[in-house]
Amino acid sequence: MDWSLPLDVRTLQKLLPHRYPFLLIDRVTAYDSEAMTLSAIKNVTANEPFFLGHFPDFPVMPGVLIIEAMAQACGTLAILSHGGRDDDEIYFFVGIDNARFKRQVIPGDQLRFEVKLLANKRDIGKFKATAWVEDQIAAEAEIMCAKRKVDK
């Protein structure tokens with residue numbers, strides 16, 4: 001399949017099973033099949049549903065959602081590297097190590113995710129993922145995703 005960059009949200013919806021409000025990447029801006037790297041973005045807006053309760057007077061994107069967005073970028077890299085995804089396959093987020101949060105993410109920020117495949121064994125990929133806001137690291141982690149068959 002042709003993966004002409006950038007990949008917009010409509011293309012991402014063909015690759016990932018996530019939908020609003022849980023599709024947390026807006027665009028893939030770079031993909032290198034030889035280096036096994038991918039870059040993606042999430043535009044953080046004031047009308048995100050999680051800001052209603054986290055926190056109304058000082059809106060901060062929850063760290064778990066930043067991690068989830070990084071995992072979605074990792075899953076996208078895995079899917080692209082396998083040439084796509086069958087309808088009965090889902091890449092599950094199965095592990096996280098060395099997660100660190102360095103900067104708050106607030107409305108108006110653009111998160112840029114840089115992910116790299118470190119290892120792949122028996123359909124489980126281990127990735128290094130970093131979330132950036134401008135030139136500052138917002139979060140980083142090692143993330144594992146596993147390809148599994150599901151009944152539909």
Side-chain angles (χ1 to χ4, degrees), residues 1-54 59-96 99 101 104-120 122-134 137-152:
M1 185 170 224
D2 178 36
W3 308 114
S4 299
L5 294 172
L7 301 182
D8 64 14
V9 71
R10 291 172 293 167
T11 303
L12 286 167
Q13 288 177 333
K14 293 175 185 170
L15 297 172
L16 296 172
H18 306 79
R19 295 295 178 265
Y20 177 84
F22 220 71
L23 179 59
L24 296 173
I25 57 176
D26 296 326
R27 181 174 300 246
V28 171
T29 57
Y31 165 61
D32 185 329
S33 60
E34 291 183 24
M36 294 305 292
T37 61
L38 179 136
S39 300
I41 60 170
K42 160 79 176 145
N43 295 303
V44 181
T45 64
N47 61 351
E48 303 281 356
F50 49 79
F51 286 137
L52 291 172
H54 196 268
V60 176
M61 185 172 181
V64 295
L65 294 181
I66 297 169
I67 295 291
E68 172 63 28
M70 291 193 303
Q72 289 179 21
C74 293
T76 302
L77 175 56
I79 292 165
L80 291 177
S81 70
H82 286 98
R85 171 179 78 82
D86 292 337
D87 287 340
D88 66 345
E89 292 176 340
I90 292 182
Y91 286 76
F92 287 99
F93 178 8
V94 296
I96 185 167
F101 300 94
Q104 294 169 344
V105 177
I106 60 174
D109 285 343
Q110 182 181 75
L111 277 168
R112 184 179 83 250
F113 305 106
E114 302 290 339
V115 299
K116 178 176 180 55
L117 179 67
L118 300 175
N120 190 31
R122 293 188 306 271
D123 289 328
I124 299 174
K126 183 174 185 177
F127 303 83
K128 172 66 178 168
T130 307
W132 297 82
V133 174
E134 296 177 1
I137 294 175
E140 56 189 353
E142 292 174 3
I143 291 174
M144 290 183 290
C145 296
K147 179 170 75 170
R148 297 290 183 250
K149 294 280 187 186
V150 295
D151 293 329
K152 289 197 112 185

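These numbers come from the heavy atoms of this one structure, side chains and all, not from hydrogens, waters or symmetry mates.
Between Met70 and Glu140 there is no side-chain heavy-atom pair separated by less than 4.5 Å. Looking at heavy atoms from C-beta onward, Leu7 lies in side-chain contact with Leu80 at the 4.5 angstrom threshold. Glu68 places a side-chain heavy atom less than 4.5 Å from the side chain of Phe22. Counting heavy atoms from C-beta on, the side chains of Tyr91 and Thr76 never come closer than 4.5 Å. With a 4.5 Å cut-off on side-chain heavy atoms, Phe93 and Cys74 do not count as touching. The closest side-chain heavy-atom distance from Val133 to Leu111 is below 4.5 Å.
Judged by distance alone, with hydrogens and angles left aside, the side-chain atoms of Arg85 form a donor-acceptor pair with the main-chain N or O of Leu15 at under 3.5 Å. Looking at Arg122, its side chain never comes within 3.5 Å of a backbone N or O of Ala146 through a donor-acceptor pair. A donor-acceptor contact shorter than 3.5 Å links the side chain of His54 to the backbone of Val60. Asp32 places a side-chain N or O within 3.5 Å of a backbone atom of Glu34 that can act as its donor or acceptor partner.
The two residues Ala40 and Ala73 have their closest heavy-atom pair at CB-CB, 4.5 Å. Looking at every heavy atom in both residues, Phe101 comes nearest to Ile67 through CZ-CG1, 3.7 Å. Heavy-atom minimum distance, Cys145 versus Gly75: SG-N, 4.2 Å. For the residue pair Ala131 and Ile66, the shortest heavy atom distance occurs at CB-CG2, 4.0 Å. Between Val115 and Ala129, the closest heavy-atom pair is CG1-CB, 3.7 Å. The two residues Pro21 and Pro49 have their closest heavy-atom pair at CB-CG, 3.8 Å.
We find that Lys116 and Glu114 are not joined by a salt bridge, their nearest charged nitrogen and carboxylate oxygen being 4.0 Å or further apart. Taking 4.0 Å as the cut-off between side-chain N and carboxylate O, Glu89 and Lys149 count as a salt-bridged pair.
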- For Leu16 and Ile25, what are the C-alpha separation, side-chain angles and deciding distance, and is it a side-chain contact (heavy atoms from CB on, under 4.5 Å)? CA-CA 10 Å; Leu16 296 172; Ile25 57 176; 4.1 Å; yes
- Task: Show your working on side-chain contact (heavy atoms from CB on, under 4.5 Å) between Val105 and Leu65 and close with a plain yes or no.
- Result: CA-CA 11 Å; Val105 177; Leu65 294 181; over 6 Å; no
- Task: Evaluate the side-chain contact (heavy atoms from CB on, under 4.5 Å) criterion for residues His18 and Leu24: first the C-alpha distance (whole Å), next the side-chain angles of each, then the deciding distance (0.1 Å), finally the verdict.
- Result: CA-CA 8 Å; His18 306 79; Leu24 296 173; over 6 Å; no
- Message: One pair to check against side-chain contact (heavy atoms from CB on, under 4.5 Å): Tyr31 and Ser81. What are the steps and the verdict?
- Response: CA-CA 9 Å; Tyr31 165 61; Ser81 70; 4.0 Å; yes
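Rounding to the nearest 0.5 angstrom, the gap separating the OG atom in Ser39 from the CZ atom in Arg27 is 13.5 Å. Taken from CZ in Phe113 to CG in Asp26, the straight-line distance is 8.5 Å, to the nearest 0.5 Å. Note that CE of Met144 and CZ of Phe92 are 15.5 Å apart. Values are rounded to the nearest 0.5 Å. Taking CZ of Arg112 as the start and CG of Asn43 as the end, the distance is 13.0 Å to the nearest 0.5 Å.
For Asp8, the salt bridge (charged side-chain N to carboxylate O under 4.0 Å, His left out) criterion is met by Arg10, not counting sequence neighbours. In this structure, the salt bridge (charged side-chain N to carboxylate O under 4.0 Å, His left out) partners of Glu48, at least two apart in sequence or on a different chain, are Lys42. With sequence neighbours left out, the salt bridge (charged side-chain N to carboxylate O under 4.0 Å, His left out) criterion links Glu142 to Lys126.
For the side chain to side chain contact (heavy atoms under 4.5 Å, CB included) with Phe127, the qualifying choice from Leu38, Leu118, Leu77 is Leu77, the only one to do so.
Asp86 CG: more than 12 foreign heavy atoms inside a 6.0 Å radius.
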